[in-house]
S.K.: 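To start, I am sharing the structure in question, which I have written as structure tokens.
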Amino acid sequence: MNPLLLAVTNPPTVGATNPIMKALTWFATHFIGLFNASAKSFTGLVTGILPLLIVLLTAMYAVTTWIGEERVTGAVRWSGKYAVTRYTIMPILSMIMLTNPMAYTFGRFLPERYKPAFYDSAVSFCHPVTSFFPHANAGEIFVWAGVSAGVLKVNPGAYAKLAVLYFIVGIIVIFIRGVVTQWITTLLIRRGSYKEVFAQFDLAYAEGHIQGDLA
Amino acid sequence: MSYQTVHISRGRGGWGDGLTLTPTADKDVVLSVTNGGIHPVAARIAELSGTTAVDGFVNHVDDDRVLCAVINCGGTARIGVYPRKRIPTVDIYPGSPSGPLAQFITEDIFVSAVGVDQVAVVADRELAYAGERDGGHASDGGSSAGGGSRPGSLMGGGSSAPPAFKPVAAGSGFTGIVVKFGGGIGYVINSLLAAGRQALQLTLQTIIPFMAYVSLLIGIVTYTGVSNWIAKVVSPMVGNPIGLVLLGIITAIPVLSPILGPGAAIAQVIGVLMGTQIATGALAVQYALPTLFAIDGQVGCDFVPVGLSLGEAKPETVAVGVPAVLFSRLITSPIAVIIAYLAGFLVA
């Protein structure tokens, strides 16, 4: 029901005779009411999401410190070799270990022609990953937390299923995205004037020249 | 054309003490990373300093050549990427240290809420004076405008401090074991504490501010009854597979996607609004999953060149990669929505 309409049909009784007082009372009631409604939704967000998020973030930051970036580097380099793992395991590991903007630095282990597809795949995982690993992109948690908060309210039993499915469908989607973008990149290389340049890049990569440092 | 030292001060609501930039022969590029095109502020800086403004969205420039980067980010990622590389960063938006790279955003290399009027040429005499006063700060690469280490800085220092544990010289026998054990416990506790501090810092700087403004928005929208109106318009669109796929295509349109991207700000607000619709029952639970993908077709499209350069991609790769990613989304975004729609039946 529209609260404005409510207010019109049931005016407050205080000063009901004086039209100016009536207007003032109306204004005051709704001015406070507006911010009360905002405060209520703020309380809901803080009590509903923050406690779990803070402990989860703490645990994940600690775990990633203990495992260390160096230790996953080997697994990441191995997973870059095959398309199936390059657009599934590689972006997942990168996101969880290095978190949102820095995850894309693992692209340096790949031949030039696969870098756009890897970026596309990794960046598309930066919201599905938050359903289990919020630390990976906590600054953008509300894409997931916003929608899932509604589900939690209506049907708490469906929340866990939604989290699992968001994660799994996310993996399927980043795989498809990686394959499609790789295909389009190849197409653009062939159509454009970049054919020889990329052939050189491939040669350099085969000889073991990876740009930048090998961590 | 000769090079001129320019001073960039913060605008209204901005952050930072301002930057004094001195171009040199091999530091002569103003990088404009503002969703394609050269931003007027970048053009102004280049004009006054006698350097070249370059569109960072389509060109790759070596970090060493960049005099400063001009960004438009109030959010998480770009705001920290250039400060992390110690490249002086000029934000068009009133950004302040936030996001996972907040600790790199310091007053000596970051200034925000900058408009064309905030850029000015520094006269030689003034520069000399500034250099004298700051003990040579202004002349070393021309990045500091003095007072770089003001105590009122937002960052609680040491958030990313390495774990305090250092292996103690191992004793022999029992003492050795005790020392090792104690050291191990110390390492675990210290890293947990550092993790807690990091989590709280992120919560305070990024998550709670977002909650505050989203709450205000939701409060206004529900109290005035606009939410019912939104429900009437959006629910028919999100509440059926064709509308969802359409939304997925719209968010992935190559012209729109880089605009919708920054900080996921739009996707997050829509996510929260959709959540309220689901909570009131206006939208069925099974539509939650496809909605998540439909509102996210643009994810990262604003960030392609920066993301690729983080992966140390060559300029040619950036030139090919940006259109490849943008066009790929037109195909994969609707596919993602359809898969999510089918999987959505498992949720309810």
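By convention in this document, chain letters (A, B, ...) are assigned in the order of the sequence lines, proteins followed by strands, and residues within each chain are numbered from 1. Computed over heavy atoms, backbone and side chain alike; hydrogens, waters and symmetry mates excluded.
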S.K.: Between A:Cys126 and A:Glu140, which heavy-atom pair has the shortest distance, and what is it?
M.R.: SG-OE1, 4.1 Å
S.K.: To the nearest 0.5 Å, how far apart are CD in A:Glu112 and CD in A:Gln200?
M.R.: 12.0 Å
S.K.: What's the separation between atom CG in A:Leu57 and atom NE2 in A:His135, rounded to the nearest 0.5 Å?
M.R.: 8.5 Å
S.K.: Mind ranking A:Val154, A:Ile189, A:Asn155, A:Ile172 by heavy-atom pairs under 4.5 Å with chain B and telling me who comes out on top?
M.R.: A:Val154
S.K.: Aromatic contact between A:Phe118 and A:Tyr114, with the criterion being ring centroids under 6.0 Å apart: yes or no?
M.R.: no
S.K.: If you measure from CD1 on A:Ile67 to CD1 on A:Ile96, what distance do you get to the nearest 0.5 Å?
M.R.: 9.0 Å
S.K.: Tell me if the aromatic rings of A:Tyr119 and A:Tyr104 count as close, with their centers under 6.0 Å from one another.
M.R.: yes
S.K.: A:Val197 versus chain B, heavy atoms under 4.5 Å apart: side chain, backbone, both or neither?
M.R.: side chain
S.K.: So what's closer than 4.5 Å to chain B heavy atoms on A:Leu56: side chain, backbone, both or neither?
M.R.: neither
S.K.: Is it the side chain or the backbone of B:Leu216 that comes within 4.5 Å of chain A heavy atoms, both, or neither?
M.R.: both
S.K.: Side chain from CB out, backbone as N, CA, C, O: work out which of these in A:Leu162 comes under 4.5 Å of a heavy atom of chain B, or both, or neither.
M.R.: both
S.K.: Pick one of side chain, backbone, both or neither for A:Val123, based on which atoms fall under 4.5 Å of a heavy atom in chain B.
M.R.: both
S.K.: Quick check for you: among A:Leu34, A:Val180, A:Leu188, which has the greatest number of heavy-atom pairs under 4.5 Å with chain B?
M.R.: A:Leu34
S.K.: Out of B:Val304, B:Ile270, B:Ile331, B:Val306, return the one with the most heavy atom pairs under 4.5 angstrom to chain A.
M.R.: B:Val304
S.K.: Heavy-atom pairs under 4.5 Å with chain B are the metric here; pick the option from A:Thr181, A:Ile176, A:Thr99, A:Thr185 that has the most.
M.R.: A:Thr181
S.K.: Against chain A, work out which of B:Val318, B:Leu292, B:Ile295, B:Ile220 has the most heavy-atom pairs shorter than 4.5 Å and name it.
M.R.: B:Leu292
S.K.: Go through A:Val63, A:Val147, A:Leu50 and name the one with the most non-hydrogen pairs under 4.5 angstrom from chain B.
M.R.: A:Val147
S.K.: Using non-hydrogen atoms only, which part of A:Val46 is less than 4.5 Å away from chain B: side chain, backbone, both, or neither?
M.R.: both
S.K.: Which residues pass the side chain to side chain contact (heavy atoms under 4.5 Å, CB included) test with A:Tyr159, sequence neighbours left out?
M.R.: A:Trp144, A:Ser148, A:Leu152
S.K.: Non-hydrogen atoms of chain A under 4.5 Å away: do they reach the side chain of B:Thr203, the backbone, both or neither?
M.R.: side chain
S.K.: Check each atom of A:Phe198 against the heavy atoms of chain B and say whether the ones under 4.5 Å are side chain, backbone, both or neither.
M.R.: side chain
S.K.: Can you confirm whether A:Lys153 is buried at NZ, in the sense that more than 12 heavy atoms of other residues, nucleotides or ligands lie under 6.0 Å from that atom?
M.R.: no
S.K.: B:Ile208 versus chain A, heavy atoms under 4.5 Å apart: side chain, backbone, both or neither?
M.R.: both
S.K.: State yes or no: are the ring centers of A:Tyr166 and B:Phe293 separated by less than 6.0 Å?
M.R.: yes
S.K.: Please, which pairs that meet salt bridge (Lys or Arg N to Asp or Glu O under 4.0 Å) have at least one residue in residues 316-336 of chain B, sequence neighbours excluded?
M.R.: A:Asp120-B:Arg329
S.K.: Determine the option with the most heavy-atom pairs under 4.5 angstrom with chain B, choosing from A:Ala62, A:Gly146, A:Pro134, A:Gly107.
M.R.: A:Gly146
S.K.: What residue, out of B:Gly307, B:Ser333, B:Gly297, B:Gly321, has the most heavy-atom pairs lying under 4.5 Å from chain A?
M.R.: B:Gly307
S.K.: Are A:Phe201 and A:Tyr205 near enough that their ring centres are under 6.0 Å apart?
M.R.: no
S.K.: Given a strict heavy-atom distance threshold of 4.5 Å, which part of A:Phe106 is in contact with chain B: side chain, backbone, both, or neither?
M.R.: neither
S.K.: Apply the side chain to side chain contact (heavy atoms under 4.5 Å, CB included) test between A:Phe133 and each candidate in A:Met97, A:Met95, A:Met60; give the one that qualifies.
M.R.: A:Met60
S.K.: Against chain A, label B:Leu346 side chain, backbone, both or neither, depending on which of its atoms sit under 4.5 Å from a heavy atom there.
M.R.: both
